[in-house]
2 protein chains.
Amino acid sequence: MTRREPRPRERGIPEATVARLPVYLRALQALSESGTPTVSSEELASRAGVNSAKLRKDLSHLGSYGTRGVGYDVGYLVYQISRELGLTQDWSVAIVGAGNLGRALANYGGFGTRGFRIAALLDAEPALVGDRVAGLSVGHIDTLEGVVEAENVSIGVIATPAQAAQAVCDRFVGAGVTSVLNFAPVVLNVPPEVDVRKVDLSIELQILAFHEQRKADGREGPERIGTLDAPPGPAGGQ
Amino acid sequence: MTRREPRPRERGIPEATVARLPVYLRALQALSESGTPTVSSEELASRAGVNSAKLRKDLSHLGSYGTRGVGYDVGYLVYQISRELGLTQDWSVAIVGAGNLGRALANYGGFGTRGFRIAALLDAEPALVGDRVAGLSVGHIDTLEGVVEAENVSIGVIATPAQAAQAVCDRFVGAGVTSVLNFAPVVLNVPPEVDVRKVDLSIELQILAFHEQRKADGREGPERIGTLDAPPGPAGGQ
DNA sequence: TAGATTGTTAATCGATTAACAATC
DNA sequence: TAGATTGTTAATCGATTAACAATC
């Protein structure tokens, strides 16, 4: 059963690669719009902010879509990456939370463009229901299940305050959504078949602060007061 | 010069660990507010959504702050992680772009809270200048350099449309900012001493679409039509 | 002392990178 | 053919994980 098999073709693209494909795609689309027919791995890598070895390795997971001595056909590679990412079909997205963040998301160019369709923007606040945002009318949160079914929503976006997020997530999952993009600063609990990605503004800031502090340490001059090798030990708190 | 040295204490916390510290910190702060004095690695890991081996390994990079047989003192660990992340001092942040996203960021709880201070919210659009958002008056983009100097801004946040992002980034860098959080869908070019972190909404959606597609493939039944092993070859496009 | 839980070790896994043979 | 550039190999590096000795 779990015997070593000949391995059909090694499906499965590394996660790190998947996360970079959208970046390559964006660079390629810009090239396409400017009418550039082909691009080398060196040039494309530079535009995507990675080194060319990594780019070629990443693309090699999709197949051999380049031409030695020439480079990659821009249009062809746009198509191959789009297909790999699942952007040749349309995904229906529902956003919960019609505050500034939800509105920003609804208006965000990248959302409405190829591959995604915002099916609904919902909120619990009656005063917001009916507002028009990005060509949509804000709906009431109680219509969530109905919208998910009627519009075949496969991706739920949570742009609510932290306290509301888990409940909204549960409703998405209950309605059959298996991909969630969470902007609320909480760890969501979901069954294993559900994918959650998280965007956390304050975490990003904290990571920057960490590095900023390191830089500042250097600037303050070479003589550190001493490294806190022996901290005072667990303090109070019981 | 580059001779093998005794190694003072192996400074340098792995990036993957740094990125998780804010998550641990948030879970610990919640525990602290609920008056919990100590927590085991198992419990804290569960709340942070990681396994306990990883949590202990991560914390071990900061020092030995736990007690065998007991767990971690919540308050003490909050302090140690905060210090490591550089949150025991205040960082001044300037946000450029006072559209929905900029307003969402300015209003975001996690921003104003401990460790960060929003020094300014700027925009190029005269009609927005003077608007009050989250207790701030929107300023004009031309005051950027003055604000950075006067307020000692160390982190610049870019919440502008894509076309404006690189120019704003250049101004931040020119004014001496060395950490940038970018929400615009472009790859920013910066000198090596500048840290850029990027939050890209459409990239997150595309990564979800990739996985969603994989799940859908499975659902469609076991008989695939065939794997596109031999693609048609570079199509047209020149 | 017995039970609990940390901090560390070592094995494994996945990602990055440089180099270069293949080939247009 | 000569020059350019891909796709792949192999070495290296960093991250994850399970297991357990140390120790409260």
Side-chain angles (χ1 to χ4, degrees), chain A residues 4 7 9-21 23-24 28 31 36-74 76-77 80-81 207 229-231 233-234 237-238, chain B residues 7 9-21 23-24 28 31 36-74 76-77 80-81 84 207 229-231 233-234 237-238:
Chain A
R4 192 80 48 76
R7 232 178 4 164
R9 192 194 198 269
E10 178 84 51
R11 279 277 95 196
I13 297 178
E15 265 307 302
T17 297
V18 172
R20 282 186 296 263
L21 290 180
V23 182
Y24 303 153
L28 284 162
L31 286 167
T36 311
T38 60
V39 66
S40 69
S41 63
E42 198 63 59
E43 171 69 15
L44 181 55
S46 156
R47 286 170 186 260
V50 304
N51 68 48
S52 67
K54 190 185 281 181
L55 172 78
R56 287 198 302 276
K57 184 75 167 160
D58 283 340
L59 293 185
S60 77
H61 289 112
L62 311 193
S64 293
Y65 295 147
T67 306
R68 288 166 142 106
V70 178
Y72 299 89
D73 180 290
V74 171
Y76 186 58
L77 199 48
Q80 293 297 345
I81 295 181
I207 295 170
D229 259 289
Q238 203 70 312
Chain B
R7 228 172 15 157
R9 189 188 200 276
E10 180 83 48
R11 279 277 96 196
I13 297 177
E15 265 307 302
T17 297
V18 171
R20 283 186 296 263
L21 290 179
V23 182
Y24 303 153
L28 284 162
L31 286 166
T36 311
T38 61
V39 66
S40 69
S41 63
E42 198 64 57
E43 171 71 13
L44 182 55
S46 156
R47 287 170 184 260
V50 302
N51 69 48
S52 67
K54 190 185 280 183
L55 173 78
R56 289 198 301 278
K57 183 76 167 161
D58 282 341
L59 294 183
S60 78
H61 289 112
L62 311 193
S64 294
Y65 296 147
T67 307
R68 288 166 142 104
V70 177
Y72 300 89
D73 180 290
V74 171
Y76 185 59
L77 198 48
Q80 292 297 345
I81 294 180
E84 196 63 56
I207 295 171
D229 259 289
Q238 204 68 317

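Rounded to whole angstrom, the span from the CD atom of B:E15 across to the C1' atom of D:dG14 amounts to 11 Å. In this structure, A:R20 atom CZ and C:dG14 atom P are separated by 15 Å, rounded to whole Å. A straight line from CG of A:L62 to P of D:dG7 spans 10 Å, rounded to a whole angstrom. What separates CG of A:L44 from P of D:dT5 is a distance of 13 Å, to the nearest Å. Put simply, NE2 on A:H61 is 11 Å from C1' on C:dT16, counting in whole angstrom units. Atom CD1 of A:I13 is separated from atom C1' of C:dG14 by 15 Å (rounded to the nearest Å). In this structure, B:D58 atom CG and C:dT8 atom P are separated by 13 Å, rounded to whole Å. We find that CG of B:L59 is positioned 14 Å from P of D:dT16, with the value rounded to whole Å.
In this structure, A:T67 contributes its side chain and A:V70 its backbone to no donor-acceptor pair below 3.5 Å.
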Taking only nitrogen or oxygen atoms into account, show me every contact under 3.5 Å that the protein makes with nucleotides 17-19 of chain C, one pair per line with its distance.
unit_1 : atom_1 : unit_2 : atom_2 : d
C:dT17 : OP2    : A:N51  : ND2    : 2.9

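Put simply, CG on A:N51 and CD on A:E42 are 8.5 Å apart, with the number rounded to the nearest 0.5 Å. Rounded to the nearest 0.5 Å, atoms OG1 (B:T38) and CG (B:D73) are 7.5 Å apart. Taken from CG in B:L21 to CD in B:E84, the straight-line distance is 7.0 Å, to the nearest 0.5 Å.
In a base pair of the Watson-Crick type (N1 to N3 plus N6-O4 or O6-N4) or a G-U wobble (N1-O2 and O6-N3), with each distance short of 3.5 Å, C:dG7 is matched with D:dC20. The nucleotide D:dA15 finds its pairing partner in C:dT12, both defining distances of the Watson-Crick or G-U wobble pair being shorter than 3.5 Å.
At a cut-off of 3.5 angstrom, the base of C:dT5 holds no donor-acceptor pair with the side chain of B:R68.
Between B:Y72 and C:dG7 there is a side-chain N or O to OP1 or OP2 distance below 4.0 Å. For C:dT6, the OP1/OP2 oxygens have a side-chain nitrogen or oxygen of B:S41 closer than 4.0 Å. Taking side-chain N and O atoms only, B:T67 has no distance below 4.0 Å to OP1 or OP2 of C:dT6.
Nucleic acid contact for B:E42: none, since no nucleic acid atom lies under 4.0 Å from a heavy atom of the residue.
Put simply, the residue from A:K54, A:K57, A:R56 that forms a side-chain hydrogen bond (donor to acceptor under 3.5 Å, both in side chains) with A:S41 is A:R56.
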Report task. Applying ring-ring contact (aromatic ring centres under 6.0 Å, His included), run through A:Y65 and A:Y72 and close with a yes or a no. Result -> CA-CA 7 Å; A:Y65 295 147; A:Y72 299 89; 8.8 Å; no
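Contact check for B:L59 versus B:T17: no side-chain heavy atoms found under the 4.5 Å cut-off.
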